[in-house]
Amino acid sequence: GRLCAEKRWPMVIDAVMRARLDRPIGLLILGHGGAQTRLVKRIAGNPHICVLPPERDRIKFATILASADALVHGGTSETFCMVAAEARAC
């Protein structure tokens, strides 16, 4: 996905960092974009949060989504609801 302000990644990262205090939670962010440098700085080497480049292979992407316990979407709007459709497809 796009690593941009509209996705509200800093809020998601902060929530995972707080939740991590009580339970074993990790976060995998796939994508690229203008906010990537700021996000990597915000993560500050946290071993439980990882930013990876987009996965373009459909089978690999589906495998990653299917292996997740949850999908977190920080945006306040999703025009075409593709995030939910992609998550349900796996």
Side-chain angles (χ1 to χ4, degrees):
R2 290 180 309 123
L3 302 182
C4 60
E6 295 83 14
K7 303 289 185 174
R8 298 175 21 156
W9 287 114
M11 184 257 323
V12 172
I13 290 167
D14 290 348
V16 167
M17 287 179 159
R18 277 189 226 116
R20 176 86 185 129
L21 298 174
D22 297 327
R23 57 190 55 86
I25 294 175
L27 176 65
L28 176 62
I29 301 172
L30 292 155
H32 62 82
Q36 187 166 349
T37 301
R38 287 188 305 277
L39 293 178
V40 170
K41 285 181 184 176
R42 188 178 208 103
I43 293 166
N46 185 321
H48 306 289
I49 302 175
C50 185
V51 177
L52 297 176
E55 180 55 67
R56 306 248 185 250
D57 180 280
R58 294 175 77 192
I59 301 296
K60 288 180 184 177
F61 183 65
T63 301
I64 291 167
L65 286 181
S67 68
D69 293 320
L71 172 75
V72 178
H73 188 279
T76 57
S77 63
E78 180 68 29
T79 308
F80 299 108
C81 203
M82 293 304 296
V83 171
E86 289 172 348
R88 289 196 67 194
C90 296

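Here the structure is a predicted model, which means the values were calculated and not measured. Just so you know, these numbers use all the heavy atoms, side chains as well, and skip hydrogens, waters and symmetry mates.
Both Leu3 and Val16 are members of a single hydrophobic cluster when ILVMFWY side chains are connected at heavy-atom separations under 4.5 Å. Linking ILVMFWY side-chain heavy atoms closer than 4.5 Å, directly or via other members, places Met17 and Val51 in a single hydrophobic cluster. Taking hydrophobic clusters as Ile, Leu, Val, Met, Phe, Trp and Tyr residues chained together by side-chain heavy-atom distances below 4.5 Å, Met11 shares a cluster with Leu27. If you chain together hydrophobic residues whose side chains sit under 4.5 Å apart, Leu28 and Ile49 never meet in one group.
A salt bridge (charged side-chain N to carboxylate O under 4.0 Å, His left out) check over residues 18-27, counting only residues at least two apart or in different chains, returns nothing.
Arg58 meets the side chain to side chain contact (heavy atoms under 4.5 Å, CB included) test with no other residue; sequence neighbours excluded. In terms of the side chain to side chain contact (heavy atoms under 4.5 Å, CB included) criterion, residue partners of Ile59 (sequence neighbours excluded) are, by chain and number, Asp57, Thr63. A search for side chain to side chain contact (heavy atoms under 4.5 Å, CB included) contacts involving Ala5 returns nothing, not counting sequence neighbours.
When all heavy atoms of Ala19 and Ile25 are compared, the closest pair comes out as CB-CD1, 3.5 Å. Residue Glu55 comes nearest to Phe61 through the heavy atom pair CG-N, 3.7 Å, listed as atom of the first residue, atom of the second, then distance.
Here the CZ atom belonging to Arg2 is positioned 10.0 Å from the NE2 atom belonging to His32, to the nearest 0.5 angstrom. A distance of 12.5 Å separates NZ of Lys60 from CG of Leu30, quoted to the nearest 0.5 Å. Leu65 CG to Leu71 CG: the interatomic distance, rounded to the nearest 0.5 Å, is 7.0 Å.
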Distance-only check: which donor-acceptor pairs under 3.5 Å involve side-chain atoms of residues 33-46, not counting sequence neighbours?
{"from": "Arg42", "atom 1": "NE", "to": "Asp14", "atom 2": "OD1", "distance (Å)": "3.0"}
{"from": "Arg42", "atom 1": "NH2", "to": "Asp14", "atom 2": "OD2", "distance (Å)": "2.8"}
{"from": "Asn46", "atom 1": "OD1", "to": "His48", "atom 2": "N", "distance (Å)": "2.7"}

- Item | side chain to side chain contact (heavy atoms under 4.5 Å, CB included) assessment of Val12 paired with Ile29 | CA-CA 10 Å; Val12 172; Ile29 301 172; 5.9 Å; no
